[in-house]
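So you know, we letter chains A, B, ... as the sequences are listed, proteins then strands, and number each from 1.
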Number of protein chains: 2
Amino acid sequence: MTRRPKVYGDSRSGNCYKIKLLCAELHIDYDWQEVDILAGDTHTTQFLAMNPNGKIPLLALTDGRYLPESNAILAFLADGDRLAGADRFTRARVLQWMFFEQYSHEPNIATSRFIVKYLGNPPEQAQSLEAKRAGGYKALGVMEQQLAQQAHMAGEDFTIADIALFAYTHVADEGGFSLDDYPAIRTWIERIRARPYFVTMGSA
Amino acid sequence: MTRRPKVYGDSRSGNCYKIKLLCAELHIDYDWQEVDILAGDTHTTQFLAMNPNGKIPLLALTDGRYLPESNAILAFLADGDRLAGADRFTRARVLQWMFFEQYSHEPNIATSRFIVKYLGNPPEQAQSLEAKRAGGYKALGVMEQQLAQQAHMAGEDFTIADIALFAYTHVADEGGFSLDDYPAIRTWIERIRARPYFVTMGSA
């Protein structure tokens, strides 16, 4: 019987990488269970019993409960910590950017990367990819405007909002997005990479 | 000078209605500033200065700060209240369903309603509408499975996760989704409608 939480995740997924970044920051020990999305691992009867929405990452707590949704897992693990926001307004600001990530950023930037890098950029997805271009650059523009004014997404301090947005922004080029015109985003990426407990994507 | 927070919103929008539902529950006084999305009100220079992402609802606090993202506004207004979850795990469960709402539910069910009801169901949107059908019914299926086991989305208690999901689920038919095969969702809708401080969509 395990005494550590277990994370079900795909090492290539930015949503799963978020959890690795936070656990490294907070020195949380966990077990990693590799799940292959492309092989259908998230749609087996066994997996759907843990998460009926069939998505990863999924956090298995030591008491047998399961928690899906990458940003909810971040909020759970950081609950009460400064990384979730040091005061009421900052906590809301952190959530604002995490909802922005899931609604305005991920569906354009992460899914473009999935189509290009993992589906091999098939012609039948060309139209879908093109449709995500404008939305993705709009999201990057909103981030750039924010990061030109302050060091991190929710203010001067590093929070889980930075983790949520870093995951797919730092590999945006893999989906065909150039960060050449986004100097504040590039500086912010380097700022996060320089953190003492930073781990790279795909690392064990 | 106002002593009350102001909500910028469109009365036809479910995302804006969420804020009305919560303020009624918590007896929060606020001013409502009607914003017409279709008239481009969210893309004026003045509005973008308040929310660079050009979206409503937007909460203007009495100290001059602004908070966008409907679910972040809910979390802010309910911070510390049982409606946000009575314990650490429930708070995460609440967020889980709010992220589910923004990623798996709203982009299918709310946007279908927008196309049908507000854009007049134009032929050029037929393919987009069809693409949202499967995703919308999948999201409803996940909700049904949950609500067949417990009274509310995050457990037995009513929380802001219910508010977030009620907003567009109770008008899912306006986007062409039938709830005939979702009895637990229908019972949950009636349960919420029966709450003492319930307000209807579009009400002042």
Inset, instruction - Please test A:Arg12 against A:Asp36 for salt bridge (Lys or Arg N to Asp or Glu O under 4.0 Å), starting from the C-alpha separation and ending with a verdict. - result: CA-CA 9 Å; A:Arg12 300 164 296 186; A:Asp36 188 342; 3.0 Å; yes

Legend entry - B:Arg91 versus chain A, the contacting section by heavy-atom distance below 4.5 Å: side chain

Legend entry - Region of B:Gln145 that comes under 4.5 Å of a non-hydrogen atom in chain A: side chain

Inset, instruction - Decide yes or no for A:Phe100 and B:Pro68: does some side-chain heavy atom of the first lie under 4.5 Å from some side-chain heavy atom of the second? - result: no

Legend entry - Note: A:Lys117-A:Asp173 ion pair, threshold 4.0 Å (strictly below): no

Legend entry - B:Tyr103 and A:Pro107, any side-chain heavy atoms less than 4.5 Å apart: yes

Legend entry - Residue part contacting chain A, namely of B:Arg65, when any heavy atom lies under 4.5 Å: side chain

Inset, instruction - Output the option from B:Leu61, B:Leu67, B:Asn53 having the highest count of non-hydrogen pairs under 4.5 Å with chain A. - result: B:Asn53

Legend entry - Top contributor to chain A contacts, counting heavy-atom pairs under 4.5 Å, from B:Glu106, B:Met98, B:Gln102, B:Glu69: B:Glu69

Inset, instruction - Describe, in one word, how the ring planes of A:His170 and A:Phe166 are oriented to each other, choosing from parallel (under 30°), tilted (30 to 60°) and perpendicular (over 60°). - result: parallel

Inset, instruction - Kindly indicate whether the side chain of B:Leu58, heavy atoms from C-beta on, has any atom under 4.5 Å from the side chain of B:Val7. - result: no

Inset, instruction - Could you check which of B:Lys138, B:Arg88, B:Arg93 has the highest count of heavy-atom pairs closer than 4.5 Å to chain A? - result: B:Arg88

Inset, instruction - Tell me, out of B:Val94, B:Ile73, B:Val142, who's got the most heavy-atom pairs with chain A below 4.5 Å. - result: B:Val142

